[in-house]
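Residue numbers start from 1 in every chain, and the chains themselves are labelled A, B, ... in the order their sequence lines are given, proteins ahead of strands.
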Amino acid sequence: MWITGDTMPELPDVENFRLYFQKTSLNQKINSVQVKELRFLTEIDQFSLQRLLTENRFSETFRHGKNLLVRIGTDPWLTVHFGMTGYIKYYSDISQEPPFDRLLINFSNGNHLSFSDQRIFGRVGVTSSPEQFIKEHHLGPDALQIDEKRFLELFSRKKRALKTLLMDQTFMAGIGNEYSDEILFRAGFLPGRNSSTLDIEELKKLFRSVKEVIHTALKAHAVKKLFPDDYLLKNRRKGSRCFRCNAVMQTLRFGGRTAYYCPGCQR
DNA sequence: AGTACCACCTGACGGC
DNA sequence: TGCCGTCAGGTGGTAC
């Protein structure tokens, strides 16, 4: 049982990693820690990290947006961001070590936990508490936790492209490029549409779409092939056609990110 | 203050 | 055949 990083790690993928970590890696004594890529660490050097973890145990997990936090005994928390190619793998035989392993934790029971990340966009760090981490990184409310009231409050104060807003982690945390496309496709709004042009009913529709997409993704364990067939995510590539109206999907660039949308279904 | 955009990173892919 | 440019995307820093 391990997780490959089938999609870019957005909220549902990271929630999946959290549950996996919870099932595999809690309450086991840590024998040693190997930092294989120094650029993978942030806010802490390899020797401090080794001192902090060795002879200790992970005690609980937490997630906010795309960030996984793991408490180190009764001490600070390890913070994990998966970038765009990151994932974790727990295994018993070192021959199963994944490629691009950046941080390796060896437990006293003989098992291993690897933090793999081909492109090294991910980061592992340390923080005193989840609240402190959220504050330091100016993260908005978690997209899985946010309720309609708070969502409407936040939107009423913004005048930006819907696509940009959904991906802004300081606005709301957890949605990235791929899921924002899906949310807008299912709600029927163009990615470049300005948030200030939505009336209250349209905002509620957008909110429902955020929830629907996240919950569908969680149910599918963020594995694309398990998504419903009418999901844009399953077919998000150049030249593909809309499942609903058969129009050729179009693309637009937003700050270096490519948005896919249907010119027929989205307004 | 709020918003927009680029550098970072690596591998796959297409064109010539 | 092989080289080179382009694309993929989350985040933090910088520029406006």
Could you give the side-chain donor-acceptor pairs of residues 96-105 of chain A under 3.5 Å, partners two or more places apart or in another chain?
residue  : atom : partner  : partner atom : Å
A:Gln96  : OE1  : A:Asp93  : N            : 3.1
A:Glu97  : OE2  : A:Lys36  : NZ           : 2.6
A:Asp101 : OD1  : A:Ser114 : OG           : 3.4
A:Asp101 : OD1  : A:Phe115 : N            : 3.4
A:Asp101 : OD2  : A:Ser114 : OG           : 2.8
A:Arg102 : NE   : A:Phe100 : O            : 3.4
A:Arg102 : NE   : A:Asp117 : O            : 2.8
A:Arg102 : NH2  : A:Asp117 : O            : 3.1
A:Arg102 : NH2  : A:Gln118 : O            : 2.9

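Taking atom CG on A:Leu233 and atom P on C:dG9, their separation rounds to 11 Å, with Å as the unit. The nearest whole Å value for the distance from the NE2 atom in A:His138 to the P atom in B:dT3 is 15 Å. In this entry the distance linking NZ of A:Lys238 with P of B:dG14 reads 13 Å, nearest Å. Distance CZ (A:Arg253) to P (C:dG10): 12 Å, rounded to an integer number of Å. Counting to the nearest Å, the P atom of C:dA8 and the CG atom of A:Leu252 are 13 Å from each other. As a whole-Å value, the separation of A:Asn177 CG from C:dT11 P is 12 Å.
The side-chain hydrogen bond (donor to acceptor under 3.5 Å, both in side chains) analysis of residues 197-208 of chain A, with sequence neighbours excluded, yields the pairs A:Arg193-A:Thr197, A:Arg193-A:Glu202. Sorted by first and then second residue, the pairs that involve residues 151-161 of chain A and meet salt bridge (Lys or Arg N to Asp or Glu O under 4.0 Å), not counting sequence neighbours, are A:Lys149-A:Glu153, A:Arg150-A:Glu153, A:Arg160-A:Asp168. Screening residues 256-267 of chain A for salt bridge (Lys or Arg N to Asp or Glu O under 4.0 Å) gives no qualifying pairs among residues at least two apart or on separate chains.
Scanning for salt bridge (charged side-chain N to carboxylate O under 4.0 Å, His left out) contacts around A:Arg71 gives A:Glu60, with sequence neighbours left out. Partners of A:Arg39 by salt bridge (charged side-chain N to carboxylate O under 4.0 Å, His left out), not counting sequence neighbours, listed by chain and number: A:Glu37. Here A:Gln250 pairs with A:Val248, A:Tyr261, A:Pro263 under the side chain to side chain contact (heavy atoms under 4.5 Å, CB included) rule; sequence neighbours left out. The salt bridge (charged side-chain N to carboxylate O under 4.0 Å, His left out) test applied to A:Lys135 returns no partner, not counting sequence neighbours.
A heavy atom closer than 4.0 Å to some atom of DNA chain B occurs in A:Lys158, A:Arg160, these being the qualifying members of residues 149-171 of chain A.
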For nucleotides 12-14 of chain C, print each protein N/O atom paired with a nucleotide N/O atom at under 3.5 Å, atom names and distance only.
residue : atom : partner  : partner atom : Å
C:dG12  : OP1  : A:His137 : ND1          : 2.9

Can you check nucleotides 8-13 of chain B for protein contacts, nitrogen or oxygen pairs under 3.5 Å, and list what you find?
residue : atom : partner  : partner atom : Å
B:dT10  : OP1  : A:Arg39  : NH2          : 3.3
B:dT10  : O2   : A:Arg119 : NE           : 3.1

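The C1' atoms of five pairs define one axis at each end of the helix from B:dG2-C:dC16 to B:dC16-C:dG2, and these two axes lie 60° apart (to 10°).
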